[in-house]
Number of protein chains: 2
Amino acid sequence: MPINAQILDNPKSDRVRRIADLTRSKGRERSGRFLIEGPQSVREAVTWRPDVVQDLYVEVSQALDHPRIVSSTLAKIVEKSQDATIYVHQCTGEVIRRISPDAQGILAVGNARAMRVDVADFEIDGGKSGDSDDSADSGKTLNIAAFWQVRDPGNAGTVIRAADAAGCDAVVFVDDCVDVLNPKVIRSTAGSLFHLPVLTMGTDEFFTWAAAQHMDVWAADVYGTPDRKPESLPTVLAGLTEVDDTTDRTDAADHAIAVESPASQGSRAVLFGNEARGLETEILRKCDRIVSIPLYGKAESLNLGTSAAVMLMSLAMSRHIETM
Amino acid sequence: MPINAQILDNPKSDRVRRIADLTRSKGRERSGRFLIEGPQSVREAVTWRPDVVQDLYVEVSQALDHPRIVSSTLAKIVEKSQDATIYVHQCTGEVIRRISPDAQGILAVGNARAMRVDVADFEIDGGKSGDSDDSADSGKTLNIAAFWQVRDPGNAGTVIRAADAAGCDAVVFVDDCVDVLNPKVIRSTAGSLFHLPVLTMGTDEFFTWAAAQHMDVWAADVYGTPDRKPESLPTVLAGLTEVDDTTDRTDAADHAIAVESPASQGSRAVLFGNEARGLETEILRKCDRIVSIPLYGKAESLNLGTSAAVMLMSLAMSRHIETM
């Protein structure tokens with residue numbers, strides 16, 4: 001339980017300046033560390049990834065004889081951190097606010113390298129279960145949410161949170177995306193960054209990896225390619241959850257739907273495009289399926305975060321319906 | 001085509017100050033007018049609700065002999081506005097930016113009263129179609145997205161956009177919600193505010209209206225009441241899209257699911273709670289069903305905008321699957 005007795009009270013000290021510097025990408029690169037702001041993110045980091053957290057900075061009040069953590073919420077997080085080797089530093093409110101206006105009394109500094117996930121280390125058996133194997137709950141398949149050139153920190157955080165909610169095994173940021181350790185990204189994940197691995201890969205590397213894992217890549221895209229129109233999500237969902245009962249159906253239109261038996265839901269990555277430009281045709285051509293979210297009203301589009309949530313949650317719910 | 005020849009170039013004029021004042025609720029109350037900012041919102045307002053738009057303010061450059069609208073995007077919106085009686089005022093960039101930093105060269109002033117939707121005027125036949133009537137596409141049913149005490153302008157806009165995408169017939173803001181004509185709300189709707197009616201009602205008024213329209217009220221809620229646990233969304237969806245094939249099923253668990261034939265999907269309002277506190281038990285007790293969105297990973301929650309999108313889009317897709 002290494003709690004530093006000394007209270008950090010000088011907002012102009014070198015130490016405070018160095019920590020505040022982690023809000024900028026240069027500061028993170030230089031030091032190999034990153035900043036985790038606010039009770040929710042710090043609590044999730046301390047709970048799920050204590051190996052990543054190096055130092056914890058918490059606001060104390062000195063109104064009484066001895067320093068006291070300013071709220072029981074923060075005190076609980078500090079207590080939790082003591083299960084691991086995390087150094088706790090008591091700070092004045094001024095110091096905390098100097099480091100980040102979004103701290104709400106608590107901050108942590110993490111080791112950037114510990115957050116890095118190597119593809120080779122990503123040990124999930126991605127082998128597609130055979131068509132005759134209907135043990136869909138055997139956990140042998142991978143569910144990946146992949147994002148190509150996501151640039152906005154808020155979007156990046158929101159999609160990581162959506163992938164977490166949908167129970168994805170990992171998120172992959174493909175090609176030139178925003179830095180996952182940008183504080184705005186971390187805040188927007190609402191703690192989800194510490195719940196599932198986030199990998200970064202180049203475009204070719206991503207498709208090579210997916211192929212090696214026997215993973216279908218589905219593009220989430222509205223337009224498709226000149227040769228291939230997207231399939232509509234509800235049609236795809238109907239195919240996924242449909243029991244093979246075509247003989248009972250009389251409506252000829254039903255037969256146009258690709259009926260996929262539940263057991264054939266193997267490993268899958270759903271790839272989303274850039275918030276402004278979507279996915280390039282070259283990339284769409286490499287994908288096994290192109291799926292679009294229908295718009296029923298007059299709205300022209302959904303934003304990236306909403307699209308990811310609707311698509312990933314719908315697919316997750318269809319998987320869970322079939323195994324009920 | 002009333003285009004004012006005079007160019008507004010004084011950012012300190014009374015007129016400019018009065019328009020800028022519409023960003024505040026007091027300014028809107030005093031004048032009965034509201035502000036629409038930016039190309040997307042103004043275009044959608046001019047296209048779908050020209051009756052609401054009174055004046056249009058567009059940025060011109062005076063580099064040449066005569067004033068020119070600064071971009072072809074803006075010129076097209078102005079052209080479109082000339083189908084209706086909308087007064088167009090040419091402004092310098094400085095004037096536009098003084099009114100709103102979010103204008104991107106174009107602004108409109110709307111009539112607040114014209115946006116108001118009276119429940120009595122809301123003329124959709126809400127009669128529930130009989131169980132034997134399977135013409136689900138006859139348009140006789142109402143699909144409503146209702147939000148109780150939504151307070152954050154960004155959330156309010158996002159949920160209106162989600163309801164639009166899901167093809168809802170109207171949005172209802174129940175009890176004490178943020179002002180729908182707040183500029184931040186309008187921006188966040190991405191034009192959807194002009195695509196579907198947004199009503200405001202008290203809580204009792206909402207339930208009375210729903211009953212009069214023979215409308216089921218479903219609560220979107222994670223916790224439920226002490227006596228009633230929420231049903232999980234995928235279970236509900238499975239019930240909605242399920243063809244009556246229970247005789248083919250052998251799994252006993254299936255029989256626990258309330259199987260609802262597609263034709264019984266009558267008028268429905270889905271009610272979402274406040275972003276921080278959800279729905280009160282008293283309100284939950286008044287709802288016909290309580291439905292929760294499952295979380296498959298470690299995420300603790302989805303935010304209001306995401307929850308609304310997932311729930312409303314899932315229900316919309318299930319309606320469209322059954323009518324395919």
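Just so we're on the same page: letters track the sequence lines, and every chain starts at 1.
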Do [X] and [Y] touch side chain to side chain, with heavy atoms closer than 4.5 Å?
X: B/Glu300; Y: A/Ser192; result: no
X: A/Met313; Y: B/Thr306; result: no
X: A/Arg161; Y: B/Asn303; result: yes

Inset, instruction - Measure the spacing between CG of A/Leu237 and CE of B/Met317 and express it to the nearest 0.5 Å. - result: 5.5 Å
Inset, instruction - Under 4.5 Å heavy-atom distance to chain B, tell me which part of A/Ser307 shows up: side chain, backbone, both or neither. - result: neither
Legend entry - Heavy-atom contact with chain B under 4.5 Å, split by part of A/Ala316: both
Inset, instruction - Look at B/Thr189, B/Leu295, B/Thr158 and state which one has the largest set of heavy-atom pairs under 4.5 Å with chain A. - result: B/Leu295
Legend entry - chain A contacts, top residue of B/Ser314, B/Ser232, B/Ala166 (heavy-atom pairs, under 4.5 Å): B/Ala166
Inset, instruction - Pick whichever of A/Gly305, A/Ala190, A/Ser301 has the most heavy-atom pairs under 4.5 Å with chain B. - result: A/Ser301
Inset, instruction - Please name the pair of heavy atoms, one in B/Ala165 and one in A/Leu302, separated by the smallest distance, quoted to 0.1 Å. - result: CB-CD2, 3.5 Å
Inset, instruction - Decide side-chain contact (heavy atoms from CB on, under 4.5 Å) for A/Lys298 and B/Leu196; before the verdict, give the C-alpha distance in whole Å, the side-chain angles of both, and the deciding distance to 0.1 Å. - result: CA-CA 8 Å; A/Lys298 301 191 188 90; B/Leu196 78 175; over 6 Å; no
